[in-house]
Peer 1: 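Here it is, the structure, as structure tokens.
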Amino acid sequence: MFDLNALIRDNVKNLKPYQSARLEFSGAAELFLDANENSFGSVVDGGFNRYPDPLQHELKQQIAAQKGVSSEQIFIGNGSDEAIDLLFRAFCRPGLDQVVTMPPTYGMYDVSAAVNDVAVVPISLTPEFAIDLPRVKAALQPPVKMLFICSPNNPTGNCFDAAVIVDILNHFNGIVILDEAYIDFAPNKSLLPRLAEFPNLVILQTFSKAWGMAGLRVGMAFANPVLIEVLNKIKPPYNVNSLTQQLVLKALEQVEAKNEMVRQILTQREWLTDALQTLNFVLKIYPTDANFILIKTTHPGEIYHHLTEHGIIVRDRSRVPLCEGCLRITVGTPEQNQRLIDSCHQLDQNL
Ligand SMILES: *Cc1c(COP(=O)(O)O)cnc(C)c1O
């Protein structure tokens, strides 16, 4: 049986959270003289002399409406990276507990684990980049507290079979963190509509990719309200600044503009896939559900070097196990993609 309370670290269970002024009194008043803010105002316009809403109520209301969840199921962080770190701090005792990852995958899981002195048990994907279900299931036992699933996966680009993820959710009595950073590019593949079925599920999404707001640092975690409460309890009180909250609210009003960009990116992804196919040095183009394409090449080092010389930077993943010879390419605009392909053809004839 899944028992969330038993997974929470004792120090977290017992701690009395910081009571910010805005939490203690959050109603309407004429005179706020409780937070030692500058009552005269700010040297810049925008009402920035006031502390931001610590729980981002307005933002959560809008996100809840768009995503079909309740505000109590939402945590908002300074990037999804903050949510990842808080999950470690809430559930994993340094030097004792462990987490499972499925490489090749997002590098932040390992970094966050190391920062928190938590050992990682890596269970490789299969050579076809599928979850190795028997081995993963066998690994999911104490002292493993959490499992990271990145779907669509970075850097491979593929989504994992929903039935396999559900199987794991039903099998594992720890926390399953499903990182859906790229889910906007994979229509109908999110597990968010089924969130309420799984008390051990945390879904991560972000404003950094499809929404084009990586510079603002805003990530979301969706989970059952008790788990969200734990994250709220240990987060820095004002973790999302007020300018960011305003800008994300504005962005949410323009969901159609985001969707239009996603459509354009998907069109370009197809164009780029076709164009890459014409190159001799491309051995394989992996199927992708994200805004990037992983390709296996004959000469990753030479290609990377050649592109860099021409002012084009891609991600060299060729030293990552299972990604030998691979480069990861973010889908660009039509002009950017054309320039990339022109430069590739130039090299392709001389290899
Ligand atoms: C880009 C990315 C994120 C986004 O992280 P933020 O901190 O929200 O910018 C999360 N997970 C994966 C797998 C990513 O590739």
Side-chain angles (χ1 to χ4, degrees), residues 56 59-60 63 67 74-89 99-116 120 122 125 129 131 146-160 165 175-186 189-192 201-223 228 231 235-236 239-241 244-245 247-248 251-252 258 261-262 265 269 286 288-294 313-317 320 322-323 326-332:
Q56 311 101 13
L59 207 49
K60 285 179 184 170
I63 294 170
K67 301 275 182 185
I74 306 172
F75 168 84
I76 303 178
N78 185 13
S80 342
D81 290 348
E82 183 179 36
I84 293 170
D85 178 63
L86 291 176
L87 286 160
F88 272 104
R89 294 206 241 170
V99 299
V100 170
T101 62
M102 301 186 291
T105 192
Y106 188 41
M108 268 312 284
Y109 312 142
D110 281 348
V111 172
S112 215
V115 167
N116 288 287
V120 173
L125 298 175
F129 298 150
I131 293 176
M146 312 200 292
L147 162 71
F148 286 91
I149 306 176
C150 187
S151 182
N153 188 39
N154 178 6
T156 61
N158 58 306
C159 273
F160 297 118
I165 298 173
I175 311 283
V176 176
I177 298 152
L178 179 59
D179 189 342
E180 293 190 339
Y182 298 97
I183 203 66
D184 298 84
F185 306 106
K189 293 193 175 172
S190 176
L191 221 59
L192 195 58
L201 173 61
V202 179
I203 295 180
L204 302 179
Q205 294 184 4
T206 180
F207 283 92
S208 295
K209 306 288 154 65
W211 289 90
M213 303 177 93
L216 289 184
R217 312 303 305 126
V218 197
M220 299 164 275
F222 302 94
I228 295 297
L231 299 183
K235 79 182 181 75
N239 61 329
V240 182
N241 71 69
T244 295
Q245 293 192 40
L247 288 172
V248 174
L252 286 165
K258 183 265 288 179
M261 276 199 288
V262 168
I265 290 166
R269 188 174 78 189
Y286 291 93
T288 177
D289 278 309
N291 64 339
F292 57 83
I293 303 172
L294 189 74
I313 315 298
V314 297
R315 200 81 199 264
D316 183 356
R317 301 280 80 180
V320 174
L322 292 186
C323 295
C326 287
L327 299 171
R328 192 195 70 191
I329 304 170
T330 305
V331 175

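Remember, it's 1-based here, ligands and their atoms both numbered in the order they're listed. What you see is a predicted model; the values in this text were computed from it and never measured.
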Peer 1: Would you call the rings of Tyr109 and Tyr106 parallel, tilted or perpendicular, taking 30° and 60° as the class edges?
Peer 2: perpendicular
Peer 1: Could you check Met108 against Asp110 for side-chain contact (heavy atoms from CB on, under 4.5 Å), going step by step and ending with a plain yes or no?
Peer 2: CA-CA 5 Å; Met108 268 312 284; Asp110 281 348; over 6 Å; no
Peer 1: Short N/O distance, under 3.5 Å, between Tyr109 and ligand 1?
Peer 2: no
Peer 1: Using a 4.0 Å heavy-atom cut-off, which part of Tyr182 comes near ligand 1: side chain, backbone, both, or neither?
Peer 2: side chain
Peer 1: Hey, is Lys209 touching ligand 1 through its side chain, its backbone, both or neither, going by heavy atoms under 4.0 Å?
Peer 2: side chain
Peer 1: Under a heavy-atom criterion of less than 4.0 Å, does Ala214 contact ligand 1?
Peer 2: no
Peer 1: Side chain, backbone, both or neither: which applies to Met108 and ligand 1 if a contact is any heavy-atom pair less than 4.0 Å apart?
Peer 2: neither
Peer 1: Taking only heavy atoms of Cys150, which atoms of ligand 1 are found under 4.0 Å from at least one of them?
Peer 2: 13 (C)
Peer 1: Heavy atoms only, cut-off 4.0 Å: how does Asp81 contact ligand 1, side chain, backbone, both, or neither?
Peer 2: both
Peer 1: Which ligand 1 atoms are under 4.0 Å away from a heavy-atom of Ser208?
Peer 2: 6 (P), 8 (O), 9 (O)
Peer 1: Compute the ring centroids of Phe148 and Phe88, then answer whether they are less than 6.0 Å apart.
Peer 2: yes
Peer 1: Inspect the contact between Lys189 and Asp289 and indicate whether a charged nitrogen and a carboxylate oxygen are less than 4.0 angstrom apart.
Peer 2: yes
